[in-house]
Every structure is written in structure tokens, then in C-alpha cells.
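Since the structure comes first, as C-alpha cells, the remarks are kept for the end.
Side chains included, hydrogens not; waters and symmetry mates left out as well; all remaining heavy atoms used. Each ligand, and each atom within it, is numbered from 1 in the order the structure gives. Computed from a predicted model, the values in this text were never measured in an experiment. Quick note: residue numbers are just sequence positions, from 1.
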Amino acid sequence: MVNIDNLSVHSFDIIGDIAILQIPKGMEKKSKKMALEIIKKNKNVKTVYARGKFRGRLRKHDVKFIYGINKAETIYKESSCLMKLNVKTCYFSPRLSHDRLDIAKQVKNHENILVMFSGIAPYGLVLGKKSKAKKIYCVELSKEATKYALDNVKLNKIKNIEVIQGDVKRICPKFKQKNVLFDRIIMARPQLKDSFLKEAFIVAKKNSIIHFYDFLFTDEIEEGYKKIENEAKKSKKKYKILGIKKIRDIGPRKYHLRFDIKMLN
Ligand SMILES: C[S@@+](CC[C@H](N)C(=O)[O-])C[C@H]1O[C@@H](n2cnc3c(N)ncnc32)[C@H](O)[C@@H]1O
């Protein structure tokens with residue numbers, strides 16, 4: 001947290017040597033002052049951006065440069081993994097670090113895991129380092145994020161990760177054709193309309209665990225359950241919900257939630 005003119009600025013992320021700052025409404029003129037304060041208090045920070053919107057299917061981040069070295073590539077460290085990325089062209093959130101570790105702790109020996117929407121591969125890397133999974137497939141649409149994911153797998157010398165560039169809608173039926181099914185499927189999906197549950201059900205089997213993420217207001221939780229129920233019905237799948245976990249706040253009364261689903265057929 002930093003203090004500028006008696007206003008506490010605590011909404012910023014540090015990704016490697018880059019800070020991404022939420023400029024409070026009406027404080028735009030003070031953004032450089034805030035950036036300087038962040039750099040002063042965090043000696044490793046070399047660059048400060050203002051947070052923007054994540055846009056389109058590839059979730060590119062509309063950040064605006066404020067101060068420091070004008071660059072967008074950095075290396076971030078989490079759970080003993082090095083993660084290289086470009087903060088403008090790749091989606092990444094350090095706020096999901098606890099979720100990645102939480103899932104890694106649930107993984108049993110020799111699991112076959114699918115990470116859909118894998119980005120620069122943060123879930124894959126943490127699971128690769130912190131679990132005894134047999135094989136982890138990471139599927140990502142963006143060529144740029146895939147390039148970083150491949151670099152990151154090498155950088156961390158993890159041997160049981162395969163990174164595939166492509167659309168999960170096209171890749172999942174291919175897995176099924178080759179009889180590759182998964183013990184665990186992680187769906188850290190983009191905040192878009194499509195649930196992609198149909199694709200997850202294609203590659204799930206009896207006792208698979210699906211971690212399905214949704215973005216809901218407190219009074220919409222029922223809709224999350226309904227979404228899963230409707231898609232399961234269409235795919236003739238039976239399941240039970242093991243739990244629902246709040247991952248983080250994403251706005252007033254709006255949450256990023258994780259539904260843990262166990263398949264019964
Ligand atoms: C919210 S980001 C999550 C990235 C990563 N899981 C993480 O936590 O950093 C969603 C990712 O899904 C990718 N994506 C969007 N649609 C996709 C699709 N149909 N198939 C595969 N990846 C997709 C985007 O390019 C983006 O990198």
C-alpha cells in the first residue's frame with residue numbers, strides 16, 4: 001500500500017519488475033506521483049502501468065504506460081516457478097496464485113490433467129512443480145501466450161507438460177478420438193459468455209474432477225448451478241458439486257468463483 005496526499009493506493013499488482021496500478025476515479029492527474037511512490041517503496045519495480053480492460057477472446061490487457069522503463073516483458077516468480085510474459089499481450093493475474101497452489105495440493109499421484117485456456121501456463125507450471133501429476137496438457141488459443149508457455153516450461157525444466165496452441169473446441173474432440181481422457185480439468189476460462197462445459201464433458205470420465213470458473217454477482221450463484229446442470233443434461237452427464245470457492249472479488253458484490261465438480265459417469 002502507498003499513501004499519496006492522504007489517499008491510500010492499495011490496488012496494484014506487481015508482476016516481476018512491473019507494477020500495474022488501478023488509478024482511482026478522479027486521480028488520473030496524480031498517476032505519475034503514485035507511480036513514483038510505488039517505485040520508491042518497491043525497489044525491484046522498474047516500470048509502472050495503469051490497469052486497463054482485458055479485451056477480446058485473447059484477453060489482451062489495455063494497460064497505459066505511466067512511468068519508468070518503457071517495456072512490457074518481465075519475469076515473475078511464484079511457487080518456485082519462473083513465469084516470463086508480456087503484460088500487454090498475455091493475460092496474467094498474480095491474484096490467482098493461491099488458487100494454483102490450492103489445486104496443486106488436491107492433485108493425486110499419476111493424474112492426467114488438462115489445463116484449458118492455459119495462457120502463459122501458470123497453472124501448468126505450478127502443478128508441474130508442486131504435484132505428482134503424470135502428465136499436464138496446456139491448451140491455449142493465443143500464439144503469443146503459447147510462445148511464452150513453451151519458454152516457461154523450458155525455463156523451469158519441467159518434463160511432464162505438453163503445450164498445445166489451439167481452440168479447446170477443436171482440441172478436445174481430438175483428445176477424445178485418441179482416447180485421451182483426464183482425471184482433472186482446469187477451466188480458468190475467459191470472462192466471456194461461452195461456458196465451454198460441453199468441451200470439458202467430452203474429455204471427462206467417471207470420477208474426473210472439473211474446476212469450473214465463473215464470474216457472478218452474489219444473487220446469481222443459482223445461475224452458476226443452473227448453467228452446469230443444463231450443460232450436463234445436454235451431454236448426458238451425471239455429476240455432483242463438491243464445493244464452491246470464492247477465488248477473489250472482481251467488483252462490488254461480484255466474485256470470481258470456482259465450482260469443483262465430480263463426474264459420476
Ligand atoms: C482469463 S485467461 C486465463 C489464462 C491463464 N489460465 C491464467 O490464469 O493466467 C483466458 C485465456 O484463454 C484463452 N482462450 C480464449 N478462448 C480460448 C479457446 N477457445 N481455446 C483456448 N484458449 C482460449 C485466451 O487467449 C486467454 O489466454
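- In summary, the atoms of ligand 1 found under 4.0 Å from a heavy atom of Pro190, numbered by their order in the structure, are 1 (C), 10 (C), 12 (O), 15 (C).
- Contact annotation: for Ser118 versus ligand 1, heavy atoms closer than 4.0 Å belong to the backbone alone.
- Polar contact check, Glu140 against ligand 1: a nitrogen or oxygen pair lies under 3.5 Å apart.
- Nearest to atom 9 (O) of ligand 1 among the protein's heavy atoms is Pro122 CG, 3.3 Å.
- In this structure, Tyr213 and Met187 approach most closely via the heavy-atom pair CD1-O, 2.9 Å.
- Although no hydrogens or angles enter the test, the distance criterion places a donor-acceptor pair under 3.5 Å between the side chain of Lys71 and the main chain of Glu73.
- Every atom of ligand 1 is numbered from 1 in the order shown, and the set under 4.0 Å from a heavy atom of Tyr123 is 8 (O).
- When hydrogens are left out, the protein atom nearest atom 18 (C) of ligand 1 is Asp167 OD1, 3.7 Å; that is the closest non-hydrogen contact.
- Side-chain atoms of Glu78 and Ser97 include no donor-acceptor pair closer than 3.5 Å.
- The heavy-atom pair separating Thr218 from Tyr255 by the smallest distance is CG2-CE1, 3.1 Å.
- Ligand 1 has a nitrogen or oxygen under 3.5 angstrom from a nitrogen or oxygen of Phe117.
- Of the protein's heavy atoms, Val168 N, 3.0 Å lies nearest to atom 20 (N) of ligand 1.
- With no hydrogens or angles considered, no side-chain donor-acceptor pair links Tyr137 and Asn112 at under 3.5 Å.
- Here's the thing with Phe92: none of its N/O atoms is less than 3.5 angstrom from an N/O atom of ligand 1.
- When atom types are taken as modelled, the side chain of Arg189 and the backbone of Asp194 share a donor-acceptor pair closer than 3.5 angstrom.
- Where the criterion is an N or O separation shorter than 3.5 Å, residue side chain and backbone included, Arg189 fails it with respect to ligand 1.
- Closest to atom 15 (C) of ligand 1 among all protein heavy atoms lies Arg57 O, 3.1 Å.
- Residue-level proximity to ligand 1 for Phe196 is carried by the side chain, the only part with a heavy atom below 4.0 angstrom.
- Here the shortest heavy-atom pairing between Ala35 and Ile66 reads CB-CG2, 4.0 Å.
- In terms of heavy-atom proximity, Asn156 sits nearest to Leu125 at ND2-CD2, 3.9 Å.
- Nearest to atom 21 (C) of ligand 1 by heavy-atom distance, out of Leu96, Leu141, Asp194, is Leu141.
- Ring-plane geometry between Phe212 and Phe259 is classed as tilted, the angle between the planes lying from 30 to 60 degrees on a 0 to 90 degree scale.
- The contact set between ligand 1 and Gly166, taken as ligand atoms under 4.0 Å from a residue heavy atom, comprises 20 (N), 21 (C).
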